[in-house]
Amino acid sequence: MSPGTSAGAQQPNSDCDRIRNFSIISHVDHGKSTLSDRILELTGAVDPRMMREQYLDSMDIERERGITIKAQNVRVTFRDHVLHLIDTPGHVDFGYEVSRSLAACEGAVLLVDASQGIQAQTLANCYQAIEHDLEIIAVLNKIDLPAADPERCAHEIEQVLGLPAQGILHISAKTGQGVEELLDAIIERVPAPTGDPTMPLRALIFDSSYDQYRGVVSSVRVVDGTLRSTARLRFMQAGSVHDVEEIGVRTPDGVAVSALGPGEVGYLIAGIKDVGEARSGETVTDAAAPAADALAGYRDPKPMVFCGIYPVDGDELPDLRDALEKLKLNDASFTFEPESSKALGFGFRCGFLGLLHMEIVRERLEREFDLSLIATAPSVAYRAHLSDGSTVDVDNPTDLPDPSQIDHIDEPMLTATILTPSEYTGTVMELAQAKRGEMSKMEYLSPERLELVYRIPLAEVVVDFFDQLKSRTKGYASLDYEPAGYATASLVRVDVLINHVAVDAFSTIVHRSVADSYGRRMTDKLRQLIPRQLFDVPIQAAIGGRVVARETVKAKRKDVLAKCYGGDITRKRKLLERQKEGKKRMKNIGRVEVPQEAFISALRLDE
Amino acid sequence: MKSHSNSGRAFGVYVHVPFCRSRCDYCAFATYTDRDHLMARYVDACKLEIRRALLDGQMERASSVFFGGGTPSRLPAEQLVEILGEIPRHADAEVTVECNPEDVNLRRLEIYRTAGVNRISLGVQSTMHHVLRSLGRNHRPGDVDRAVGAATEAGFTTFNCDLIFGSVGESDKDWIRSLRDLLELSVAPPHLSAYALTVEPGTPLAGDPRRHPDDDVQARRYELADRVLTDAGYGWEEVSNWSLPGHGCRHNQLYWQQGDYRGIGSAAHSHEQGTRWWNIRNPDRYVRAVERGSSTVAGQEVLSPAQREFERLALSLRTPTGVPAGSLPDLPELAPLVSRTGGRAVLTVRGRLLANAVTRHLRVEVGAAGSLRE
């Protein structure tokens, strides 16, 4: 974004009555970005000649995947009212960010594809909005499609959320049909913000991103008091003080203002270099006249899923570190620290909010920084209770203490909500049970659709639960989840040993019931990938000292070149020289020479 | 360097004859089946290249000459000996011509013999009809016996037979049969080369993975061959070569001892004190280059002292001479592959099959000033 400086000092819009702050809650592909585009056009915010699709999604990955990763906001005017559209992140991994965005609003548009019906994650976000006392305006989109079934969808929304079916709007964001009526409904039904301009300043940061030239640019919602462009601000959770460099509003291009009053939404630049100092949920106040209490609801982001990330080419390690540091400037919720692996060399242990977050970070590293990376299998943070009464949190399987010292292990749990067409109920239940889920709720939204709620281990969900759910239901089921504490389980660490030496990259913590099959899978895979050596190489999977699977790479018997053609010794020597060079690049594990590609292939095959 | 001739330093001449009747589908040599019309010009070109090499001082009096191919016996005998006539050689020089068994007859061998050829190398490959077919060879098993009879009659006192093992359709039994058939000839070959069928990139065989030999099968056949030949009194001379006492191939030994040699003809390789070079591969272009009087060299390399030392050890490791014991680390995995006696490390039978792996462990020591020391 490029905050302009041309517009002069606008006065704070102290007339709260004419402000409406709302967000759009919607599932992937249900038309949120298209609706945003229509609103920008209809309110004249964007010159039609400058319009492009998905105007507010700025990252390539956002456009490609049809998801919103970073919250955006835009100010438009319509019928003498100022409307702030706050675009919330659209994925389960970013639940906390969603809650902060919702905290900046008084209303929410629940946007549902009339051909598909409400999805699990939309429902979860909608519940959050209701908890925040937001006015919900339910909207059925894509009513121009032949497959649209607005009646059934309206009935479902009524059934599950208690919103009266007759109050649900029907629109087509694509054609613009009904969008004007929606804006009218927002003005009419969403309450105006309340706030006292004379109180000490309290403004909520609900998103921050890093701009190469301006530093951290935060999205803010003023709750009480007035945010002035001349203020010195105290960031109450970070405990730091910064002078305002610029405040402004996005229309959607940035326009600097001298002040933002209660209820107003805009951006803030204060010379901050790290988004970690201006996290979502942060409260800013006037350093000279600070508020007594921060706004409620702040949480430190906590990584849920972990993996090792390594450069395929060890020479790229400094580039990887550089890239991680740059990404971290823009994403306070992921963590990384150096780690080294016997199999993969030097890399970083990274923590993520969830699987999608992990995928996005990895994809951005490869794409934006042109790196070739390999990731170890994702792990979660286990809690090991030791015999001496102490506990250790373990997010890297190799850190798990010896089984003899462990009394029991707890694993993080989720409450998972699945919405599925009822014809797939059987297969969904089968999957959830296979993944050790325990059902806590089953409710028909309509005769055709069902809500299932499970308590299920996070570790089972991070592996391939979502993919399997999608494939078993032809893509119709949707999933949402939230953390649900810890539970004790029969967990073991399976180590994979090459010639009796454990290969750290393949150690994993799994439920006892699947330990043997994991062991068999990995030993079989490595048997095919490890080149034959001068001696038999045992490949074992073991739990503690007990071997659960074994394969053998038989000793190589012949590699000699039969002859040299007519005195062509050059060719033979070059081959031998290459082999001798290649030997240096081999990883040496238990006297076994293994090309790093073998480990990489084994990890890739396991994906 | 130890000389094999009592008339001075060992020096070899290799003459490449690129013509073949048909192309074997495993073959990656520089050979051609459609260039017979070029023979006379090719022979003239070789003669010219020899004369120029002599004038340039690039050729010494030869202690060994080797006509290889291709199929040297594809050339009319009179033309082949014309080339030989241009090569100055010691009185006791070893002169070998590679022959396909079906090309061998008394007349041809008498012409060779008269001109100074004293050794022939027969491309037998197998004595089993179905194995020969699978290798794409044209001769019949009986041709070998006739060829050996003709060689004896023409006065040859030594000859070699080439065998190939590991082709699809060959069993362990077939392989042993081939070896025994050769040992039971009217005159057993004083020298025997047994090559593992090798998949060379770019050959039709390379494109047909179903016919690729299995390493374990080849290892077993190699061990069978070594046992059969050792029992019959042969000593191993190099990874793929065995001979009766006094019948080692001096020309090949020159290669293995990093000796100097001059290659004549298309694709021929030469070596002179650490510089290696090779001629234009295509016979048409080679002939034109000679006729124009321009250089026939397609490429060359000058070995660094370390490369030269590594090469010397790697070649020597393939022979019973072995390498100084200190050139190989004392690792448990090398113990079954190398026997260490009298300060030398020599490959065992298992080690010969894994010579490449052993070679990767070679320690190359080069003196500070670049001079070599052992």
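Quick caveat: nothing in here was measured; it's all calculated off a predicted structure. By convention in this document, chain letters (A, B, ...) are assigned in the order of the sequence lines, proteins followed by strands, and residues within each chain are numbered from 1. Basis for what follows: all heavy atoms, side chains included, without hydrogens, waters or symmetry-related copies.
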Practice prompt. Give the intermediate values and the outcome of salt bridge (charged side-chain N to carboxylate O under 4.0 Å, His left out) for residues A:Arg571 and B:Glu200.
Written response: CA-CA 12 Å; A:Arg571 197 172 96 124; B:Glu200 299 288 348; 3.0 Å; yes
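- Of the inter-residue distances, the one linking A:Lys572 atom NZ with B:Asn356 atom CG reads 8.0 Å to the nearest 0.5 angstrom.
- Counting heavy atoms of neighbouring residues, nucleotides and ligands inside a 6.0 Å radius, atom CG of A:Asp402 exceeds 12 of them.
- With a 4.5 Å cut-off on non-hydrogen atoms, B:His271 does not touch chain A at all.
- Within the 4.5 Å cutoff, the side chain of A:Leu576 has heavy atoms near those of the B:Phe310 side chain.
- To the nearest 0.5 angstrom, B:Arg318 atom CZ is 6.0 Å from A:Leu561 atom CG.
- Contact of A:Gln533 with chain B is not made at all, since no heavy-atom distance falls under 4.5 Å.
- The line from CZ of A:Arg557 to CG of B:Leu354 is 9.0 Å long, rounded to the nearest 0.5 Å.
- For the pair A:Lys558 (side chain) and B:Ala196 (backbone), a donor-acceptor distance under 3.5 Å is absent.
- Contact annotation for B:Leu303: only side-chain heavy atoms (C-beta onward) come within less than 4.5 Å of a heavy atom of chain A.
- Proximity to chain A (any heavy atom under 4.5 Å) is shown, for B:Ala357, by both the backbone and the side chain.
- Using a 4.5 Å cut-off between heavy atoms, B:Leu334 touches chain A through its side chain atoms alone.
- Residue contact with chain A, scored on non-hydrogen atoms closer than 4.5 Å, involves the backbone and the side chain of B:Arg220 alike.
- Between the CZ atom of B:Arg276 and the CG atom of A:Asp568 there is a distance of 9.0 Å, given to the nearest 0.5 Å.
- Residue-environment remark: CZ (B:Arg350) stays at or below the threshold of 12 foreign heavy atoms within 6.0 Å.
- With a 4.5 Å cut-off on non-hydrogen atoms, B:Gln307 touches chain A through its backbone and its side chain both.
- The two atoms that bring B:Ser240 and A:Ala562 nearest to each other are OG-O, 2.6 Å, heavy atoms only.
- Contacts of B:Glu301 with chain A are made by side-chain atoms alone, with heavy-atom separations under 4.5 Å and no backbone atom involved.
- Under the side chain to side chain contact (heavy atoms under 4.5 Å, CB included) criterion, A:Thr552 pairs with A:Asp536, A:Arg550, A:Lys554, sequence neighbours left out.
- A distance of 6.0 Å separates CG of A:Asp559 from CZ of B:Arg360, quoted to the nearest 0.5 Å.
- To the nearest 0.5 Å, atom CD1 of residue A:Ile569 and atom OH of residue B:Tyr255 are 7.5 Å apart.
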Discussion item. Under the criterion salt bridge (charged side-chain N to carboxylate O under 4.0 Å, His left out), I'd like the reasoning laid out for B:Asp216 against A:Arg532: C-alpha separation, chi angles, the key distance, then a yes or no.
Written reply: CA-CA 11 Å; B:Asp216 291 355; A:Arg532 294 169 73 178; 2.7 Å; yes
